[in-house]
Protein chains: 2
Amino acid sequence: MSDEELISIWMRPERQERSGPGRRPGYSRQQVTRAAVRIADAEGVDAATMRRIAGELGTGAMSLYRYVPRRDDLFDLMIDMAMSEVDLPEKPSGDWRSDLSLVAHRTRAAGQRHPWLIGLLSGRPTLGPQLLRVHEFALDALDGLGLDIDAITSFVGMVDDYVHSAVRREIGWLEEARRTGLDPERWKRDYIGPYVRQIVASGAYPLFSRSVLESRTAHLAAGERFRHGLDRVLNGIGAQIASDISR
Amino acid sequence: MSDEELISIWMRPERQERSGPGRRPGYSRQQVTRAAVRIADAEGVDAATMRRIAGELGTGAMSLYRYVPRRDDLFDLMIDMAMSEVDLPEKPSGDWRSDLSLVAHRTRAAGQRHPWLIGLLSGRPTLGPQLLRVHEFALDALDGLGLDIDAITSFVGMVDDYVHSAVRREIGWLEEARRTGLDPERWKRDYIGPYVRQIVASGAYPLFSRSVLESRTAHLAAGERFRHGLDRVLNGIGAQIASDISR
DNA sequence: AACCATTCAGGTACGATGTACGCAAACGGT
DNA sequence: ACCGTTTGCGTACATCGTACCTGAATGGTT
């Protein structure tokens, strides 16, 4: 594409179906994105190469560039497709706590269905329409409580940050194991296990060791653990809503 | 290296200086890491290729594999070298708030000196000694207040999450601009500027628009903005410390 | 002093990758 | 029937991580 047009993928229109003379497009941006998502879900984002995606569609690698200017833009499209699965009501319910909780849980679910999502999201700044929709819903959930926009943005950011890092913790090792091509069980047993044991045995990091050995939430189901952490974040926000408003 | 030994870089000893017969190593793990850090600081982490690092040292690419088993391990070493710059006292002061604030500010400073740090940190799960040291300090800062280990871990996580995402926001566009090889000013003006204007003009995202247009902190210096956000996170933790303890 | 097992240096080579370039095929309007 | 436009996609190139291998350096042993 040389440097002909440097413009956000969200402002660049897709080729139209009926636009006069010339051959009609055989695929669509959505089809390309869907194929990329399918591969990334199954084999990791690294496997979603241009050639591999094209192969999935039964075409040649260079054909994809008729639909997507750069590979990076394809990542943005993938993010947006995954975020479109975060199903939300038209408007927040009025109960900010359950609204933000809904966003958190749905985003977590999307992040688990698409283990590459969080990595891409925090890898580059992106603002696709579906991400905007979810973000707007979360901001809206905190509107009307007397908070200024900076506080609202900040609180929504805290929830986002929590969700991202919690999901990363949940799937981090799994993905890392796949990236190196090992089965996750063996990875955990032979790679990180001995190292963590050594850290604990060294005695140099007593509190870290306690967080590994004495944690009560560590033995809970992943969903419960997520809920506990989220509760703490929401509690922190709740406490400040009370004091911010009364000020 | 084939699959001879899959073992954490932190458990794999470096070649010893005096170990009997054989040629003595001409470089060290630290020298290799330092060269990689230097290149990544100046030209982005993508520029720190094996060949480029070797060139910086005046040797051949394959020589590096005498010191580092895989490129991914080199990333871990880079992270640890950067984290070693997070200077902290031996023990927390006893004032948890200023202790966590210190960790946050020092980590932010390291993240700005090394714009690749946060990206690598959240890209893969890693537990180098320097990261452990900083983490342990933060955990320790919250110890002795009557909190259980899960609460401590959770609160430290909130601060970490905030620092990471705040730094990412601060340097995100800069790095993205460099990755595409454009000067950051032009990038902001020609790429994201028009798109954000379009989002605002569409009227579909009123709260997002307010966060762009009406923000009071947006016009502050970056350092002030960071402090404000951090204060909110610490306030949320503080409120819960009070209620957790009295419970 | 001669030898040898051991270790490091680093060239060559392979299979990937993203993507620039260019040409042939398909299509609607005239 | 022709033509300008657009798509499909093969070829080619620079670049990547790294497996493999040869040769040089080194210190202990004889």
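No experiment lies behind these values; they were computed from the predicted model shown. The chains referred to below are lettered A, B, ... by the order of the sequence lines, with proteins before strands, and numbering in each begins at 1.
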Contacts of A/A109 meeting side-chain contact (heavy atoms from CB on, under 4.5 Å) (sequence neighbours excluded), chain-then-number -> A/R113

Numerically ordered, the residues 47-57 of chain B set in heavy-atom contact under 4.0 Å with DNA chain D is B/T49, B/M50, B/R51

note: A/Y65, atom OH; C/dT17, atom P; distance rounded to Å ~ 11 Å

Fill in: Distance test, side-chain N/O of A/Y27 to OP1/OP2 of D/dG8, below 4.0 Å
no

Salt bridge (charged side-chain N to carboxylate O under 4.0 Å, His left out) pairs touching residues 57-69 of chain A, sequence neighbours excluded, are none

Under 3.5 Å, sequence neighbours excluded: what are the donor-acceptor pairs made by side chains of residues 188-195 of chain A?
residue, atom, partner, partner atom, Å
A/D190, OD2, A/R186, NH1, 3.3
A/Y195, OH, B/L127, O, 2.6

Between B/G60 and A/A61, the residue closer to the 5' end of DNA chain C by nearest nucleotide is B/G60

Taken in chain and number order and not counting sequence neighbours, the residues that satisfy side-chain contact (heavy atoms from CB on, under 4.5 Å) with B/M50 are B/L64, B/Y65, B/R71, B/L74

Atom CG of A/L74 and atom P of C/dT19 are separated, to the nearest Å, by 10 Å

Contacts satisfying side-chain hydrogen bond (donor to acceptor under 3.5 Å, both in side chains) that involve residues 114-127 of chain A (not counting sequence neighbours) are A/D41-A/H114, A/D41-A/W116, A/D76-A/R124, A/D76-A/T126, A/E85-A/H114, A/S122-A/R168, A/R124-B/E176

Can you say whether the rings of B/Y162 and B/F226 are parallel (under 30°), tilted (30 to 60°) or perpendicular (over 60°)? tilted

In whole angstroms, the gap separating P of C/dT19 from CG of A/L64 amounts to 11 Å

Q) Touch check for A/R66, heavy atoms < 4.0 angstrom, all strands: base, sugar-phosphate only, or nothing? A) base

Review point. Is it true that the side chains of A/R34 and A/Q31 contain a donor and an acceptor less than 3.5 Å apart?
Key: no

Side-chain contact check for A/M62: nearest option of C/dC21, D/dG8, C/dG18 is C/dC21

Whole-Å distance, A/D46 CG to D/dC16 C1', equals 13 Å

Residues passing the side-chain contact (heavy atoms from CB on, under 4.5 Å) test with A/S202, sequence neighbours excluded, are A/A204, A/Y205

From CG of B/D72 across to C1' of D/dT18 the rounded distance in Å is 12 Å

Residues 191-208 of chain A vs salt bridge (charged side-chain N to carboxylate O under 4.0 Å, His left out), sequence neighbours excluded, gives none

Atom CZ of B/R71 and atom P of D/dT18 are separated, to the nearest Å, by 8 Å

Per the under-4.0 Å heavy-atom filter, residues of residues 28-43 of chain B near DNA chain C come out as none

